[in-house]
Asks: 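Structure in structure tokens, see below.
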Amino acid sequence: MGMQDQFKDKANELKDKATDALGDKKDEASERSSEGSDKAQEQGDQLRERGERETERRRPDEGQ
């Protein structure tokens, strides 16, 4: 194996390592994004429920 082949092998190894690391970071970012969406949805649901309770509480008794 010549020197040129050794450099090509090392370059390919580093390229693969960088690609793997980038893929891991993308997975982590996607996971964090998903968690953020879940939290936002939960907070939205809580606010909606709170609004519905306030509306019910403030609504005058109907039929009296």
Side-chain angles (χ1 to χ4, degrees):
M1 181 183 281
M3 254 180 124
Q4 187 176 8
D5 291 333
Q6 290 177 347
F7 280 111
K8 282 183 182 178
D9 288 346
K10 186 64 175 181
N12 285 332
E13 179 184 325
L14 292 173
K15 178 182 168 190
D16 292 342
K17 189 174 179 180
T19 301
D20 290 345
L22 182 59
D24 291 344
K25 293 298 179 187
K26 284 183 180 180
D27 290 344
E28 289 175 16
S30 177
E31 199 172 300
R32 283 194 305 273
S33 175
S34 177
E35 288 172 2
S37 295
D38 292 345
K39 280 185 179 179
Q41 180 67 42
E42 185 177 321
Q43 288 175 344
D45 290 345
Q46 289 173 350
L47 288 173
R48 180 182 46 77
E49 289 171 4
R50 186 184 318 158
E52 289 172 355
R53 284 193 305 269
E54 284 294 316
T55 301
E56 287 295 321
R57 188 176 65 81
R58 292 181 182 178
R59 185 177 292 161
D61 291 334
E62 294 176 12
Q64 287 187 5

Asks: How many angstroms lie between CD in Gln41 and CG in Asp38, if you round to the nearest 0.5 Å?
Replies: 8.5 Å

Asks: Would you check if the side chain of Ser37 reaches a backbone N or O of Ser33 as a donor-acceptor pair within less than 3.5 Å?
Replies: yes

Asks: Is it true that a side-chain atom of Ser30 and a backbone atom of Lys26 form a donor plus acceptor pair closer than 3.5 Å?
Replies: no

Asks: Go through it in stages, so that I can follow the logic: the residues are Glu42 and Gln46, the test is side-chain contact (heavy atoms from CB on, under 4.5 Å), and I'd like the CA-CA distance, side-chain angles, deciding distance and then a yes or no.
Replies: CA-CA 6 Å; Glu42 185 177 321; Gln46 289 173 350; 3.6 Å; yes

Asks: Can you sort out the partners of Asp20 under side chain to side chain contact (heavy atoms under 4.5 Å, CB included), two or more places apart, ordered by chain and number?
Replies: none

Asks: With side chains defined as the heavy atoms from C-beta onward, is the minimum distance between Glu35 and Glu31 less than 4.5 Å?
Replies: yes

Asks: When rounded to the nearest 0.5 angstrom, what is the spacing between CG in Asp9 and CD in Gln4?
Replies: 11.0 Å

Asks: Using a strict 4.0 Å threshold on nitrogen-to-oxygen distance, state whether Arg57 and Glu54 make a salt bridge.
Replies: yes

Asks: About how many Å separate CZ of Arg53 and CZ of Arg48, when rounded to the nearest 0.5 Å?
Replies: 10.5 Å

Asks: Residues in salt bridge (charged side-chain N to carboxylate O under 4.0 Å, His left out) with Lys10, at least two apart?
Replies: Glu13

